[in-house]
Participant: 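Could you have a look at this structure, given as structure tokens, before my questions?
Proteins come first, then strands; the chains are lettered A, B, ... in the order of their sequence lines, and each starts at number 1.
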Number of protein chains: 2
Amino acid sequence: MRDDLYQLDEAATDAVFQALASRERRRLLDLIRGNPGCIVADLLSAFEMSRIGVLKHLRVLEEADLVVSEKAGRERRLYVNTLPLRAIHRRWSDEFDDFWAGKLLDLKDKIETGS
Amino acid sequence: MRDDLYQLDEAATDAVFQALASRERRRLLDLIRGNPGCIVADLLSAFEMSRIGVLKHLRVLEEADLVVSEKAGRERRLYVNTLPLRAIHRRWSDEFDDFWAGKLLDLKDKIETGS
DNA sequence: CAAATATGTAACCTAATGGTTACCTATGAG
DNA sequence: CTCATAGGTAACCATTAGGTTACATATTTG
């Protein structure tokens with residue numbers, strides 16, 4: 001799919017941010033990104049929690065479309081899908097252009113220091 | 001504060017993504033961004049929910065440091081703080097450089113179409 | 001086939017979220 | 001001063017999230 005044709009609706013955006021709002025899930029995402037094609041069992045050793053806990057986090061990532069998988073025999077191969085992240089990145093780059101460009105004052109600093 | 005000195009720890013990152021994981025809060029953020037210095041009462045008409053509901057969402061945004069406020073008499077002036085968003089944007093730009101640059105295949109598409 | 005492996009589902013518990021109503025405090029205007 | 005306005009706190013309720021244990025299924029391997 002062409003990069004710029006991929007768009008997130010509000011519900012999908014909720015799901016992506018929700019999925020990213022957990023350390024464990026971000027770590028999971030990093031692990032899969034670093035080991036594309038890894039299977040669920042490969043991930044378990046990196047976590048304290050039970051296998052089912054990891055599976056649940058994985059499902060949240062999959063429902064946010066941040067991770068996709070492919071069944072291979074009794075195993076499941078995992079991959080990061082970058083499109084949702086890129087869609088958000090792209091949208092922010094558009095919407096917050098003024099901010100990224102640093103054209104606006106740092107209001108917080110201004111307020112807190114009273115300057 | 002200099003832009004690149006602002007860094008989010010894991011807890012702060014949790015808070016930012018959590019805050020963004022709600023349509024209402026993203027809308028709130030947009031409204032404040034479009035009306036810097038607006039007061040709480042200004043926002044109410046844009047929402048169906050009660051004032052307290054809005055206040056609670058506002059607090060989530062403030063705890064994520066995405067919104068800052070300044071008391072002015074009995075009013076409270078609201079501003080968006082862009083630093084957390086910029087910090088995330090910057091980190092992603094570093095970490096996902098290969099992806100942003102489109103150097104990697106779209107694995108999802110590959111998997112789903114079986115090509 | 002039998003047993004080990006990889007994964008998935010169900011049911012349950014606790015804590016956090018998202019919302020409410022009712023009440024309280026501080027400030028500005030007449 | 002009186003009262004309307006802007007905002008905040010407390011207590012509550014329903015739903016969701018994050019985790020668990022126990023059990024079930026499918027696939028390899030010996």
Participant: Which residues pass the salt bridge (Lys or Arg N to Asp or Glu O under 4.0 Å) test with B/Glu24, sequence neighbours left out?
Facilitator: B/Arg27

Participant: Side-chain N or O of B/Arg25 less than 4.0 angstrom from OP1 or OP2 on C/dG18?
Facilitator: yes

Participant: Measure the distance from CD on A/Glu24 to P on C/dA16 and round it to the nearest whole Å.
Facilitator: 15 Å

Participant: How many Å lie between CD on B/Glu75 and C1' on D/dA4, as a whole number?
Facilitator: 14 Å

Participant: So, does the side chain of A/Arg74 form a donor-acceptor pair with the base of C/dT5 at under 3.5 Å?
Facilitator: yes

Participant: Please report the distance, rounded to the nearest Å, between CZ in B/Arg76 and C1' in C/dT27.
Facilitator: 15 Å

Participant: With A/Glu10 as reference, evaluate B/Arg26, B/Arg23, B/Arg25 under the salt bridge (Lys or Arg N to Asp or Glu O under 4.0 Å) test and give the passing residue.
Facilitator: B/Arg26

Participant: Rounded to the nearest 0.5 Å, what separation is found between the CZ atom of B/Arg77 and the NZ atom of B/Lys71?
Facilitator: 11.5 Å

Participant: Can you work out whether A/Ala72 or A/Ala21 has the more 5'-proximal nearest nucleotide on DNA chain D?
Facilitator: A/Ala21

Participant: Round to the nearest Å and state the distance from A/Asp14 atom CG to D/dA17 atom P.
Facilitator: 10 Å

Participant: Measure the OG-CZ distance between A/Ser69 and A/Arg59 for me, rounded to the nearest 0.5 Å.
Facilitator: 10.0 Å

Participant: Just the rounded figure in Å: distance from P of D/dG18 to CZ of A/Arg27.
Facilitator: 15 Å

Participant: Select from B/Lys71 and A/Gln18 the residue whose nearest nucleotide in DNA chain C is closer to the 5' end of that strand.
Facilitator: A/Gln18

Participant: Scan residues 39-61 of chain B against DNA chain D and write down, sorted by residue number, each residue with any heavy atom closer than 4.0 Å; if none is found, say none.
Facilitator: B/Ile39, B/Val40, B/Ala41, B/Arg51, B/Ile52, B/Leu55, B/Arg59

Participant: Pick one: which of A/Leu43, A/Leu28, A/Leu31, A/Val68 meets side-chain contact (heavy atoms from CB on, under 4.5 Å) with A/Leu78?
Facilitator: A/Leu43

Participant: For side chain to side chain donor-acceptor pair (under 3.5 Å), just list the numbers for B/Asp65 and B/Tyr6, CA-CA rounded to whole Å, side-chain angles, deciding distance to a tenth of an Å, and then say yes or no.
Facilitator: CA-CA 12 Å; B/Asp65 204 19; B/Tyr6 190 90; 2.7 Å; yes

